[in-house]
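Only one structure is covered here, and it is reproduced in the block below.
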Amino acid sequence: MLKFTLQAKSINARAGVIETPHGNILTPVFMPVGTVGSVKAMSPHELKEGHAQIILGNTYHLYMRPGHELIRDAGGLHKFISWDRPMLTDSGGFQVMSLAVLRKITKEGVKFQSHIDGSYHLFTPEKVIEIQEALGADIIMSFDECPPYPTTREYVEKSLKITLNWAVRGKEAFTNTKKQALFGIVQGGVYEDLREKSAVKLMEMDFDGYSIGGLAVGEPKADMFRITEFLNPILPVDKPRYLMGVGTPTDLLNNIANGVDMFDCVMPTRNARKGSIFTRYGKMIIKAARYKEDFNPIDSLCPCYTCRNFSRAYIRHLITMNEILGMRLTTIHSLYFYQELMQMARKAILNDSYAAFLTEMLPILDMIVE
RNA sequence: GGAGAGGUUCCCGAGCGGCCAAAGGGAACAGACUGUAAAUCUGUCGUCAGACGACUUCGGAGGUUCGAAUCCCCCCCUCUCCA
């Protein structure tokens with residue numbers, strides 16, 4: 001079981017605290033993605049300096065390599081990667097869509113070929129729970145199918161039926177209930193009636209939290225916001241809601257306004273490694289020629305290690321040179337910024353000024369810093 | 001001094017009479033990235049034009065030809081080997 005306490009609401013934005021065996025998480029929260037047991041380019045120490053409260057791991061990847069049994073033998077994922085704060089593992093449902101080319105989805109589960117060596121594997125909802133219990137994250141995900149976009153309503157409907165069935169089976173198979181919390185994943189594409197059906201069915205099963213999956217897969221942004229807004233009054237108030245795989249800073253703020261508590265996304269880390277940095281002034285493409293002789297920090301107001309010590313010109317040079325340090329420094333900043341943004345959002349919610357906060361921030365964050 | 005090789009668009013480098021504004025690579029420039037097979041991918045890259053297209057380029061000058069980066073002549077400059 002997982003305890004979630006709602007502390008405040010501002011418009012529909014929520015601030016709360018999630019209690020886990022590895023400590024509390026203040027929401028809204030952004031969770032850096034550490035797919036294979038590492039937030040790329042970051043040490044646990046750096047993640048903590050960047051105020052990361054919880055990080056992600058991935059069932060699919062860790063099952064493939066090094067193997068969930070090895071991680072269990074190592075004492076669990078926390079110990080294996082030396083991270084003592086909360087963790088969450090994704091179920092692998094997304095990978096089934098994104099990379100297992102040869103896949104066959106049946107009621108039983110998904111038979112697919114490894115992207116590594118071509119070997120065949122079967123993921124069932126029970127197997128996915130077993131793997132996640134071996135990994136030992138504080139929060140784990142039910143196995144789902146994430147339908148691609150665009151697709152037909154018929155497909156989404158069929159897929160949803162399977163995902164709901166998998167949710168039932170996964171929940172039944174789940175035994176480590178004292179140390180881990182299990183979230184159900186709401187699917188249903190861009191169709192409100194399917195989303196509602198999905199949410200209601202999952203709520204009947206009483207999960208520890210509710211994930212919203214299948215968004216930010218290519219649909220128009222308006223559809224994403226429409227769905228989270230639609231789900232907001234349906235999902236239970238006293239359970240955390242997790243919007244999977246989202247997103248940009250503005251996506252986060254807009255979805256917080258729709259009652260979402262948790263996010264994860266590859267964006268701050270992946271983009272940072274390529275020189276696209278998120279700041280309070282918008283997106284900074286550090287490779288741009290205009291930074292060649294710019295000896296200011298990325299953000300002179302930012303207290304992160306990168307901004308305290310390095311210039312745009314130097315970071316541009318490192319990224320241009322493809323130096324590891326460049327990727328590390330940009331990642332440190334972008335993750336710090338994401339955490340800071342969440343802290344500001346939380347503060348605004350607690351002060352009941354979230355609407356004003358949104359009005360102030362939204363116009364800036366999507367722009368490219370000139 | 002003798003023998004040979006070569007000078008191509010920012011760089012390297014292909015082309016060796018028309019299909020060449022000129023392959024390919026690099027650099028540069030501009031972007032994309034949303035539950036991470038990503039240190040990946042895309043576009044631009046002679047000038048002007050929205051586009052059709054026009055104009056100026058292949059060391060320099062002349063010539064042959066309907067047509068030359070490609071053939072001929074002279075000149076300049078690099079590199080290698082021999083003395």
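Within every chain, numbering begins at 1; the chains are lettered A, B, ... in the order of the sequence lines, protein sequences first and strands thereafter. Quick caveat: nothing in here was measured; it's all calculated off a predicted structure.
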Rounded off to whole Å, could you give me the CD1-to-P distance for the A:I319 and B:C29 pair?
14 Å
A:L243 near the nucleic acid: base, sugar-phosphate alone, or nothing, with a heavy-atom cut-off under 4.0 Å?
nothing
Should the pair A:F123 and A:F143 be assigned to parallel (<30°), tilted (30 to 60°) or perpendicular (>60°) ring geometry?
perpendicular
What contact category does A:D90 fall into here, base, sugar-phosphate, or nothing, at under 4.0 angstrom with non-hydrogen atoms?
base
When the distance from CD1 of A:I54 to C1' of B:G35 is rounded to whole Å, what number comes out?
13 Å
Quantified in whole Å, what is the C1' atom distance between nucleotide B:C12 and nucleotide B:G62?
31 Å
Atom pair distance, as rounded to whole Å: CD1 in A:I139 and P in B:G35:
18 Å
How is A:I185 classified with respect to the nucleic acid when contacts are heavy atoms under 4.0 Å: base, sugar-phosphate, or nothing?
base
How far, in whole Å, is B:A32 from B:U80 if one measures between their C1' atoms?
49 Å
Specify the separation, in whole Å, of atom NZ of A:K274 and atom P of B:A32.
13 Å
Send over the distance from A:M321 CE to B:G26 P, rounded to a whole Å.
15 Å
Ignoring the backbone of A:V246, work out which of B:U34, B:U40, B:U36 is nearest its side chain.
B:U34
Give one of base, sugar-phosphate or nothing for A:T269, where a contact means two heavy atoms less than 4.0 Å apart.
base
Base partner of B:U36, which must satisfy Watson-Crick or wobble distances under 3.5 Å:
none
Paired nucleotide for B:C74 [Watson-Crick or G-U wobble; both distances under 3.5 Å]
B:G60
At under 4.0 Å between heavy atoms, what does A:G93 touch on the DNA or RNA strands: base, sugar-phosphate, or nothing?
nothing
Ignoring backbone atoms, establish whether A:R316 has a side-chain N or O less than 4.0 Å from OP1 or OP2 of B:C29.
yes
When the C1' atoms of B:U36 and B:G53 are compared, how many Å lie between them, rounded to an integer?
46 Å
A:Q187 has its side chain closest, among B:G35, B:U34, B:A38, to B:G35
Which value, in whole Å, describes the distance between the P atoms of nucleotides B:G24 and B:C16?
16 Å
5' precedence on RNA chain B between A:R290 and A:S91 (nearest-nucleotide basis)
A:R290
Side-chain N or O of A:N58 less than 4.0 angstrom from OP1 or OP2 on B:U36?
yes
Between B:G18 and B:C11, how far is it from one C1' atom to the other, in whole Å?
30 Å
Would you please confirm or rule out a distance under 4.0 Å between OP1 or OP2 of B:U36 and any side-chain N or O of A:Q95?
yes
Whole-Å distance, A:I116 CD1 to B:U36 P, equals 14 Å
Can you see if the side chain of A:K283 gets near the phosphate of B:A32 - specifically, an N or O under 4.0 Å from OP1 or OP2?
yes
Output the rounded distance in Å from CZ (A:F263) to C1' (B:U34).
12 Å
Checking base pairs now: Watson-Crick or wobble, both atom distances under 3.5 Å. What partners B:C20?
none
Salt bridge (charged side-chain N to carboxylate O under 4.0 Å, His left out), that's the test. Do A:D117 and A:R65 meet it? Break it down for me.
CA-CA 11 Å; A:D117 61 4; A:R65 292 183 297 198; over 6 Å; no
Which nucleotide, if any, forms a Watson-Crick or G-U wobble pair with B:C79, using both distances under 3.5 Å?
B:G4
Taking atom types as they are modelled, would you say the side chain of A:D144 forms a donor-acceptor pair with the base of B:G35 within the 3.5 Å cutoff?
yes
Which nucleotide in B:A39, B:C33, B:U36 has an atom nearest any side-chain atom of A:H61
B:U36
A:S91 and A:D144: CA distance, side-chain angles, deciding distance, side chain to side chain contact (heavy atoms under 4.5 Å, CB included) verdict:
CA-CA 7 Å; A:S91 65; A:D144 70 324; 3.5 Å; yes
Would you call the rings of A:H121 and A:Y63 parallel, tilted or perpendicular, where under 30° means parallel and over 60° means perpendicular?
perpendicular
Taking the same atom, C1', in B:G59 and in B:G6, what whole-Å distance lies between them?
11 Å
When we call it a touch if two heavy atoms are under 4.0 Å apart, what does A:A41 touch: a base, just sugar-phosphate, or nothing?
nothing
With nearest nucleotides of RNA chain B determined for A:A289 and A:V266 from heavy-atom distances, which residue corresponds to the more 5′ nucleotide?
A:A289
Once the angle between the rings of A:H333 and A:F337 is folded into 0 to 90°, is it parallel (under 30°), tilted (30 to 60°) or perpendicular (over 60°)?
parallel
Sort out the partner of B:G67 for me: Watson-Crick or G-U wobble, both distances under 3.5 Å, none otherwise.
none
Write down the distance separating the C1' atoms in B:C20 and B:G15, rounded off to the nearest Å.
9 Å
Any idea which heavy atoms bring A:R308 and A:P303 closest together, and the distance?
NH1-O, 2.8 Å
I'd like to know if A:S98 reaches the base of B:U36 with its side chain, counting only an N/O donor and acceptor under 3.5 Å.
no
A:T320, nearest nucleotide to its side chain (from B:U34, B:A30, B:A28):
B:A28
Which nucleotide, if any, forms a Watson-Crick or G-U wobble pair with B:G31, using both distances under 3.5 Å?
B:C41
Between B:U34 (P) and A:L365 (CG): distance, integer Å:
19 Å
Under 3.5 Å donor-acceptor pair, A:R273 side-chain atoms to B:A39 base atoms:
no
Minimal non-hydrogen separation, A:G247 against A:Y338, with atom names
O-OH, 2.7 Å
Taking atom P in both B:A68 and B:G17, compute the distance separating them and give it to the nearest angstrom.
14 Å
Could you tell me whether the side chain of A:S82 and the main chain of A:K79 form a donor-acceptor pair under 3.5 Å?
no
Is a side-chain donor or acceptor of A:T330 paired with a backbone partner of A:G326 at a separation under 3.5 angstrom?
yes
